Amino acid sequence: MADGVFVPPPPRLVEGAHCSSMQQYNDMYKQSIDDPEAFWGAIADQFYWKERHTGKFCDYNFDASKGKVFIEWMRGAKTNICYNALDRHVQGGHADRVAFFWEGNEPADEDRLTYGQLLERVQRCASGLRALGVARGHCVAVYLPMIPELVVTLLACARIGAVHSVVFGGFSADALADRVLDAKCDVMVTSDGFWRGNKLVHLKEIADHAAELCAARDHRLRRVVVVRHLPRLHQHQHPANGAGGGDAQPAKRAQFDVQASWDAARDLWWEDMMSEAALECEPEWMDAEDPLFMLYTSGSTGKPKGVLHTTAGYMLYAATTFKYTFDYHLEDVYWCTADIGWITGHSYVAYGPMLNCATSVMFEGSPFYPSGERPWQIIDKYKVSKFYTAPTAIRALMRLGDDIVTKHSRQSLKVLGSVGEPINPEAWLWYHRVVGGGRCAVVDTFWQTETGGHVLTPLPAATPTKPGSACRPFFGVQPALLDENGAEIAGEGEGYLVFRRPWPGIMRTVYGNHQRFETTYFKKFNGFYCTGDGARRDADGYLWVTGRIDDMLNVSGHLLSTAQIESALIEHPSVSEAAVVAVPHSIKGEAVYCFITNKQGEPWTDELRKELILKVRERIGAFAAPDYLQCAPGLPKTRSGKIMRRVLRKIAQDDRDLGDVSTMADESVIALLFQHRTAQLL
Ligand code: WT7
């Protein structure tokens with residue numbers, strides 16, 4: 001896609017938008033950089049504070065060579081994020097507004113929860129947790145499926161000043177135990193189990209196993225609260241359980257009766273905790289810089305880190321990015337498909353929407369169950385206007401053809417968001433043209449667990465977009481591009497994407513290891529937060545994130561991003577997915593090794609290999625042409641859908657020592673990939 005091609009904001013979104021022109025964006029951006037206190041102070045005025053800040057509005061050191069790296073916003077201010085997400089709205093007359101339409105794995109499973117009902121449940125849960133001995137500063141492990149109790153638990157923790165650590169329901173007992181141990185959680189909230197598509201996950205059994213692993217390492221999980229979720233589905237006449245077809249699937253029904261072990265001294269049912277708990281629960285008034293939650297990074301790049309976010313800065317940033325990036329208005333219905341086990345779920349399923357009193361869809365299931373029509377059905381069912389998902393889902397849905405999308409109305413849609421990895425222009429354009437019918441803004445939002453919220457993103461009614469570019473910085477964010485020596489690249493160019501100063505939502509430390517925080521993010525370039533991603537700035541000043549730096553290749557002195565090559569390969573009509581890694585090469589430094597997944601039924605031939613090489617030569621240049629091309633029936637991915645290139649690098653080099661694969665979604669692809677390895681230089 002040529003750099004110069006702009007897709008203007010859809011005119012119908014402009015009127016009434018929170019930011020409705022580039023002029024307004026530029027003015028607001030300028031103020032956010034020149035006078036952060038005035039900019040964020042005016043936003044802070046819309047929230048409830050028990051006390052306002054006493055010290056500096058923002059204080060920080062980004063230069064590790066000059067002492068400890070630290071970031072503080074509004075030190076001394078007292079607030080509570082749960083109060084701001086619930087009580088404030090209920091007092092403002094919104095008790096009956098729907099906060100969440102809950103849509104279960106089966107299309108027949110649905111529920112809704114108003115702000116008033118949520119406040120009631122959160123207070124009970126908060127009192128219940130307090131009664132179990134959870135106090136301010138304690139860390140609670142949350143291991144739940146995408147059910148309303150998950151949001152209730154997070155807000156309840158926040159209400160009493162406990163730090164939540166959500167562990168994605170797809171993680172294994174080992175991964176769960178590691179996270180419980182690292183944060184020294186002695187209370188966990190989990191559930192009996194859940195269905196994901198046709199698969200039943202016995203969550204409580206995994207939690208029990210994790211508790212044993214902790215015990216073997218001298219750590220005791222004192223209390224485990226268990227949400228009874230499976231019988232609830234049963235009541236809804238869960239189709240997978242035989243409803244509609246008599247006892248069509250007795251095996252599935254029988255599985256409902258399987259009970260995990262029960263330790264009466266430790267385990268208690270959620271409903272028992274709730275029924276015995278006090279109805280009201282005064283919030284704890286937290287300091288602006290008190291911890292709110294920790295979340296372990298997805299692990300596509302090594303041992304997980306407990307990323308720590310604090311109270312006030314995160315609150316302002318999650319709320320403000322949500323409001324502007326999706327141009328959220330009270331009449332909207334918003335749906336983010338991410339699991340709350342990831343940061344996207346924290347900021348853009350839970351906190352961001354609720355702080356804006358939004359109405360959202362919360363979806364338990366998979367976009368492909370019962371079929372790939374599910375997302376479009378849900379969008380029509382709830383009249384979703386703002387939709388947020390990941391490129392990996394977009395590409396997979398794209399593969400199913402246009403018809404199953406276009407047979408649904410989708411008239412309610414206005415803004416389509418993307419997050420998680422670079423989106424290739426082909427997928428971007430499909431999202432825009434087919435899903436959005438050419439009427440919607442596509443916002444490619446770049447950010448990280450560490451950044452708390454969007455840091456590069458277009459704004460739907462203001463920014464002329466370019467397919468594949470995350471465009472411009474969000475308010476308060478000052479990006480720069482540096483070369484390997486730390487010299488700044490002005491104007492057009494490509495280098496390391498770094499940030500010059502903190503915005504309110506940036507992480508404050510790695511839990512229990514501040515030194516790791518400094519070395520990971522601040523040691524490489526003094527005075528800058530280093531994202532670990534590469535980016536290119538084009539002639540219009542637009543930023544194109546090219547992927548992780550460790551996903552970069554250096555071929556004959558040319559710095560190349562794997563994403564660039566992948567994007568070219570994916571353009572071939574026979575290819576559905578491509579992943580590129582570097583392998584050592586005696587002359588070029590690094591050689592380009594490509595894994596190619598064909599579209600269903602497409603053969604793997606010499607001719608195809610030739611065409612692929614031509615594609616890359618054509619799109620990037622001869623120096624970038626693949627050195628190795630191998631057929632890949634599947635790719636190793638994390639449970640959040642990221643391609644694990646570090647594993648692919650090992651396969652490319654025929655190294656069987658793959659390292660930690662605990663975050664891999666499906667390990668069975670590995671054997672196949674070794675079988676299809678190629679040592680043949682093209
Ligand atoms: C990494 C962060 C932030 C929520 C989801 C992932 C990649 C994320 C984009 C984007 C290009 C992107 C980066 C980043 N990434 N969004 N729009 N364009 N790359 O959170 O697990 O912390 O991963 O995801 O490589 O560093 P995460």
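Remember, it's 1-based here, ligands and their atoms both numbered in the order they're listed. These numbers come from a predicted model, not from an experiment.
- H454 pairs in a ring-ring contact (aromatic ring centres under 6.0 Å, His included) with only one of the listed residues (F446, F474, F322, F326), which is F326.
- Salt bridge status for E566 with R645: present, with a side-chain N to carboxylate O gap under 4.0 Å.
- Residue contacts with ligand 1 include T445, since one or more of its heavy atoms lies under 4.0 Å from the ligand.
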Test salt bridge (Lys or Arg N to Asp or Glu O under 4.0 Å) applied to R508 and E450, step by step: CA-CA 9 Å; R508 303 303 198 258; E450 294 88 337; over 6 Å; no
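- Within the structure, the closest approach of G420 to ligand 1 falls below 4.0 Å when heavy atoms are considered.
- Heavy-atom proximity to T344, at under 4.0 Å, picks out these atoms of ligand 1: 4 (C), 5 (C).
- Residue I343 approaches ligand 1 through these ligand atoms, each under 4.0 Å from one of its heavy atoms: 4 (C).
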Pair E577-F595, side chain to side chain contact (heavy atoms under 4.5 Å, CB included): steps then yes or no: CA-CA 8 Å; E577 208 160 23; F595 293 83; over 6 Å; no
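- Considering backbone and side-chain atoms alike, D444 places an N or O below 3.5 Å from some N or O of ligand 1.
- With respect to K466 and D540, a salt bridge is recorded, a charged nitrogen being found less than 4.0 Å from a carboxylate O.
- Here's the thing with D533: one of its N/O atoms is less than 3.5 angstrom from an N/O atom of ligand 1.
- Among the candidates I147, L154, L155, the single residue satisfying the side chain to side chain contact (heavy atoms under 4.5 Å, CB included) test with V151 is L155.
- The atoms of ligand 1 that sit less than 4.0 Å from any heavy atom of V545 are 11 (C), 19 (N).
- Residue Q448 touches ligand 1 through backbone and side chain together, judged by heavy-atom distances below 4.0 Å.
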